[in-house]
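Numbering of residues begins at 1 and proceeds along the displayed sequence. Hydrogens, waters and symmetry mates are skipped; everything else that's a heavy atom, side chains included, is used.
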Amino acid sequence: MISIIIPVYNVEQYLSNCIDSVLNQTYSDFELILVNNDSPDRSGEICDTYALKDARIKVIHQQNGGQSSARNTGLETAKGEYITFIDSDDTVDPHFLQTLLDSLEEYPQADLSICGCEFVAESKTTFEPLPKNTPAALLLNKEQLWDEVFGHLNNSVCNKLYKKELIGHNRFPVGIYYGEDLLFNLHYLQNCSHATINPLGLYFYFKRSGSVTGGKFNKNRFTELKSKDAALKIVESAAPKQIDNAKKYCFKARISIIRNIYRQHLQAEYRNELTECKAYISEHYREVRVLLKMKEKIEICFIRFPFIYKLFVKLI
C-alpha cells in the first residue's frame, strides 16, 4: 500500500482538484492522509466531506505548525509500505502512483522512485492518455542519484516515492520554510544505494502568488540560508563530490536574499541581515568564483555599491 500525505492550509479553491486527481489514480491500493493545519477557510470542511465518501481518506485536524509539521504528522500515522507527498494546490496524472511503483518493481535494488514534474499556469484537471511508447525508467547508482537530487536540485518530495522503512525516524525540519524538502531528501539519500527515474511529467506543480515560494519577501526566507548551510555539512561527510555544488548553493542563496530585499525596498527593515549576507559573499567569493556565471559575477560587483545595485535589480 502507498500512503499519500497532503498538508492542507487555506486552499479551498484548489483542494478538490488535488483530491480528485488522487482518487482518479489507476493504482487504487492507497491511503490518503489529509492533514488540515487549522485552515481559516473551508479547506477542513472539504477534507471531511471527501472522507465521508471514500474510506481510503483519513483526515487529521491540528494546530497550524507549518507544512513540515503537517507532513511529520502524516508520517507518524502512515501505514503504507511506500510514502509519497503531494501539495494541496497541485495535481497528479492518473498514472502517477502506478508509474512510480512500477519503476521500483522493475529495479528491485532501487530505494527511491522519481518522475518528471511540470509547471502549469493553472490547476490541471484534464489529463491526456500516456503515449504508447512511454520512455523507460533509468536506474541511477548512488553517485548519479546525489547528482540528480542535489547537483541538479531535483529536491522536491512531491515527485518521488519513498520506502517507509528507509525513512525511519527521518522527519521534516519544523521552522524551515525554504529547503525543508532538500534536507529531508539528503537524510534519505544516505540510506539509498540506487534510485529509478522516469522523465514522464506526472506531477503538476501550480505556482501561485499566495504560496510559500511565491509570496512577498518575509523573515521566513532566511531559513533558506539555514537549510543550505545544513546541506553543506551533510554533503561534506556523505557526498564529498558535491562539495562545490554545496558551496555554490550557500553562496547563491545569499545573493538571492540580497536581490529580493532590494527588489522590494526592504533594506531598512533587514539592515543587519543584509550586512551578514554581504560579509558572507565577501569572505567566500574566491572559493566559488569559478563556479559562477558572468552575470552573477557582475551582480556581485554591483552589490558593493547600493545606489547602482538598486538600479541593477530593476533590470533583471
Side-chain angles (χ1 to χ4, degrees), residues 67-68 71 84-87 90 100 111-120 137-138 140-162 170 172-173 176-192 194-207 211-215 217 220-260 277 280-281 284 287-293 295-296 299 316:
Q67 181 168 259
S68 289
R71 286 173 172 170
T84 191
F85 303 90
I86 298 175
D87 285 345
D90 297 336
L100 288 172
D111 300 312
L112 177 68
S113 183
I114 307 170
C115 73
C117 177
E118 293 186 9
F119 292 84
V120 294
L138 301 175
L140 306 177
N141 62 31
K142 195 175 186 73
E143 184 176 326
Q144 292 170 325
L145 172 58
W146 274 87
D147 195 50
E148 175 64 31
V149 174
F150 186 71
H152 295 105
L153 289 180
N154 184 354
N155 53 46
S156 169
V157 297
C158 292
N159 64 335
K160 299 175 176 65
L161 186 65
Y162 302 84
N170 182 17
F172 291 87
I176 299 292
Y177 299 93
Y178 293 80
E180 68 274 29
D181 286 23
L182 172 64
L183 295 180
F184 180 88
N185 276 321
L186 294 192
H187 285 297
Y188 186 86
L189 259 55
Q190 293 179 74
N191 298 322
C192 294
H194 294 80
T196 178
I197 184 167
N198 191 309
L200 281 172
L202 302 177
Y203 187 94
F204 302 101
Y205 176 70
F206 174 44
K207 192 170 184 178
S211 66
V212 172
T213 56
F217 185 93
N220 289 339
R221 281 296 304 272
F222 294 106
T223 63
E224 180 183 1
L225 306 184
K226 293 182 179 180
S227 65
K228 292 296 194 299
D229 291 347
L232 173 59
K233 292 182 179 180
I234 295 171
V235 165
E236 284 174 342
S237 59
K241 289 187 178 180
Q242 293 291 332
I243 283 291
D244 283 347
N245 279 328
K247 291 180 178 179
K248 179 177 67 175
Y249 298 147
C250 288
F251 191 87
K252 293 179 69 169
R254 268 78 181 182
I255 296 177
S256 177
I257 289 288
I258 294 172
R259 184 187 308 130
N260 280 283
C277 287
Y280 184 99
I281 287 174
H284 295 276
E287 33 182 324
V288 301
R289 179 173 52 188
V290 297
L291 307 173
L292 301 177
K293 298 177 181 178
K295 183 174 71 172
E296 293 167 333
E299 181 172 0
I316 59 175

Working for side chain to side chain contact (heavy atoms under 4.5 Å, CB included), residues V288 and K252: CA-CA 10 Å; V288 301; K252 293 179 69 169; over 6 Å; no
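- No donor-acceptor pair under 3.5 Å is formed between the side chain of Y178 and the backbone N or O of L225.
- Heavy atoms only, all atoms of each residue included: F251 and H284 are closest at CE1-C, 3.9 Å.
- Side-chain N or O atoms of N159 include one that pairs as donor or acceptor with a backbone N or O of C115 at under 3.5 Å.
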Side chain to side chain contact (heavy atoms under 4.5 Å, CB included) evaluation trace for N170 with N191: CA-CA 11 Å; N170 182 17; N191 298 322; over 6 Å; no
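- Rounding to the nearest 0.5 Å gives a distance of 8.0 Å between OG of S156 and OH of Y205.
- The side-chain heavy atoms of I234 and L183, taken from C-beta on, include a pair separated by under 4.5 Å.
- Between F150 and W146, the ring planes are perpendicular. Angles over 60° get that label, and only those under 30° would be called parallel.
- A side-chain contact (heavy atoms from CB on, under 4.5 Å) with N185 is found for exactly one of L145, N154, V157, namely V157.
- Separation of atoms CZ (R259) and SG (C277) is listed at 12.0 Å; rounding is to 0.5 Å.
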Side chain to side chain contact (heavy atoms under 4.5 Å, CB included) between L182 and Y249, worked out: CA-CA 12 Å; L182 172 64; Y249 298 147; over 6 Å; no
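- Judged by distance alone, the side chain of S227 and the main-chain N or O of E180 form no donor-acceptor pair under 3.5 Å.
- No side-chain donor-acceptor contact under 3.5 Å links S113 to the backbone of K160.
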Residues D87, Y203; criterion side chain to side chain contact (heavy atoms under 4.5 Å, CB included); working and verdict: CA-CA 10 Å; D87 285 345; Y203 187 94; 3.7 Å; yes
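- Between D111 and K142 there is no salt bridge, since no side-chain nitrogen of the basic residue lies less than 4.0 Å from a carboxylate oxygen of the acidic one.
- Of all heavy-atom pairs between E296 and K293, the closest is OE1-N, 2.8 Å.
- Interatomic distance, F184 CZ to S68 OG, rounded to the nearest 0.5 Å: 10.0 Å.
- Between the N155 side chain and the D181 main chain, no donor and acceptor come within less than 3.5 Å of each other.
- Heavy-atom minimum distance, L140 versus Q144: CA-OE1, 3.4 Å.
- Between F222 and F217, the ring-plane angle classifies as perpendicular under the 30° and 60° cut-offs.
- No more than 12 heavy-atom neighbours from other residues, nucleotides or ligands sit within 6.0 angstrom of CD on E143.
- Every residue meeting the salt bridge (charged side-chain N to carboxylate O under 4.0 Å, His left out) condition with K228, not counting sequence neighbours, appears here in chain and number order: E224.
- For the pair F204 and D90, the minimum side-chain heavy-atom distance is 4.5 Å or more.
- L100 CG to Y162 OH: the interatomic distance, rounded to the nearest 0.5 Å, is 10.5 Å.
- Distance CG/L112 to OG1/T196: 9.0 Å, rounded to 0.5 Å.
- With rounding to the nearest 0.5 Å, the separation of CG in L232 from OG in S237 is 10.0 Å.
- Contact check for I114 versus V149: side-chain heavy atoms found under the 4.5 Å cut-off.
- Here the side chain of N260 pairs a donor or acceptor atom with the backbone of S256 at under 3.5 angstrom.
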